[in-house]
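Okay, structure first, notes after.
Because the structure is a prediction, the values reported are computed rather than measured. Whatever order the structure lists them in is the order used to number ligands and atoms, beginning at 1.
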Amino acid sequence: MSISQLARSIAESPTLALNEEARLLRERGEPVINMSIGEPKNKAPITAILSSAAKLTSGDVKYTPPDGTPSLKKAIIRYMEENYDRMVAPENVIVSAGAKQSLYNVLFSILNPQDEVIILAPYWVSYPEMVKMCYGVPVIVTPEDGGFHPRMEEIERAVSSYTKAIIVNSPNNPSGCVFTDEFIAQIVDYCERKKIYLIMDDIYHKLVFDGIRAAPGYRFSNKDLESTMVIVVNGVSKLYGMTGFRIGWVVSNRKLVEVMTNIQAQTTSCTSVVLQAAAEGALTGMQNIVENLRLSFENNRDVIMQELCSFNGLRVTKPAGTFYILPDFRAYCPSSIANNSFELSQFLLKKALVVTVPGKEFGMEGYLRLSFAGSIKDITTGIERIKWALDPLAPNEIYIGDRKMVRDWS
Ligand code: PMP
């Protein structure tokens with residue numbers, strides 16, 4: 001079979017693959033705990049359900065304009081006003097099948113072959129692959145101090161004449177780090193001066209803790225929407241727990257929206273009208289659903305921090321947002337697996353039936369990403385099992401349900 005060189009070079013999505021592995025194990029009756037999950041467990045907002053159900057029962061389920069229905073775009077415009085303090089026009093907005101497609105459309109529209117995109121480690125797994133899919137070159141910048149917060153000097157050192165864009169994701173998947181206002185101000189100013197696109201992936205922007213706010217990039221730009229280099233990507237997946245509805249959007253200058261609309265028109269035509277109605281229902285319905293999710297994640301964050309603090313030698317940075325935590329297991333694990341997060345993750349899956357995501361996938365070898373989007377019971381049991389599997393002083397055998405688990409380092 002002949003497969004293109006580019007297609008062959010694109011890696012499987014490890015998070016989706018792990019989710020599938022967890023699902024299959026559970027189907028076989030294994031008491032697996034999925035700490036790899038990247039989605040809230042809530043039911044969809046009732047306003048989203050009613051609005052999409054009404055569209056469906058009308059029987060009038062047809063193509064929409066390629067950039068989205070006027071009424072969903074209106075809801076997004078209101079969202080921008082309320083949450084970003086920016087007036088945007090319908091021509092500045094395009095709706096896609098999730099923020100994933102939104103990001104891909106942006107990259108496809110701005111990159112020439114060999115253009116570079118700066119990606120800040122730890123980074124979301126899909127960024128480097130998407131850049132490659134658009135014939136671009138991902139340039140990874142990892143904080144030299146071993147932390148999770150990027151530094152402007154390090155980013156500036158990585159910029160070359162080929163740099164087309166920088167992707168910023170704050171609150172950050174996988175670290176939970178929320179970048180400081182000072183940093184966002186610096187990077188906005190830098191990108192505006194250097195004419196480098198600043199792609200702000202704001203998909204977790206309201207899931208922040210301890211009374212902080214994730215600063216929107218626009219706040220630090222005095223340019224109007226047609227001349228700013230700031231591009232905003234957002235969606236309903238994480239804030240409303242609507243991952244399965246697949247609705248995301250981009251706000252940018254009109255020219256870029258026009259180009260992305262052409263691309264979308266030639267690839268998917270448009271996003272499903274039923275699902276657009278659902279997103280509209282969520283955006284125009286009661287907003288306490290977002291606050292309730294935020295509060296439950298903050299509580300879960302406190303629980304997982306407390307559980308992880310009992311590991312002697314584990315380095316944990318308290319997440320200020322999202323529903324992920326990225327502990328450094330290097331000093332905690334047996335040396336045979338300490339520097340191989342893939343093996344560590346496989347070991348935990350086999351020995352303790354806990355699904356985690358290897359830090360390597362996010363550019364952080366030796367770390368594991370744990371999701372705290374599950375129930376408190378999942379969190380406490382999952383961490384207890386990880387501790388049992390890795391603690392040399394723990395008993396060699398335990399029972400999980402009626403299944404005897406034997407730990408051995410071989
Ligand atoms: N950006 C980041 C940082 C994410 O974590 C995700 C989902 N895991 C996405 C974008 C894509 O979101 P969507 O479900 O809207 O495609």
| Check ion pair Arg26-Glu30 (N to O, under 4.0 angstrom) | no
| Pair Glu91 + Arg254, salt bridge at N-O below 4.0 Å | yes
| Regarding Lys387 and the six-membered ring of Phe311, is the cationic atom NZ or CZ under 6.0 Å from the ring centre and inside 45° of its axis? | yes
| task | Mark up the atoms of ligand 1 that fall under 4.0 Å of a heavy atom belonging to Asn169, in ascending order. | result | 3 (C)
| Salt-bridge contact Glu291-Arg294 (side-chain N to carboxylate O under 4.0 Å) | yes
| So which protein heavy atom does atom 4 (C) of ligand 1 come closest to, and at what separation? | Trp124 CE2, 3.5 Å
| query | Between Glu144 and Arg157, does at least one N-O distance fall below 4.0 Å, as a salt bridge requires? | reply | yes
| note | Taking only non-hydrogen atoms of Gly98 and a 4.0 Å limit, the atoms of ligand 1 in range are 15 (O), 16 (O)
| field | Nearest neighbour in protein (non-hydrogen) for atom 16 (O) of ligand 1 | value | Arg246 NH2, 2.7 Å
| Can a donor-acceptor pair be found between the side chains of Tyr123 and Asn173 at a distance below 3.5 Å? | no
| request: Would you mind checking which non-hydrogen protein atom is closest to atom 7 (C) of ligand 1, with the distance to 0.1 Å? | output: Lys238 NZ, 3.0 Å
| note | atom 2 (C) of ligand 1 has as its nearest protein heavy atom Asp201 OD2, 3.4 Å
| request: Please confirm whether Tyr127 comes under 4.0 Å of ligand 1, counting heavy atoms of the residue only. | output: yes
| request: Take every heavy atom of Thr243, measure it against each atom of ligand 1, and state whether any distance is under 4.0 Å. | output: no
| message | Starting from atom 15 (O) of ligand 1, what is the nearest protein heavy atom, named by residue and atom, and what distance separates them? | response | Ala99 N, 2.7 Å
| Between Ser345 and Thr356, a side-chain donor and acceptor under 3.5 Å | yes
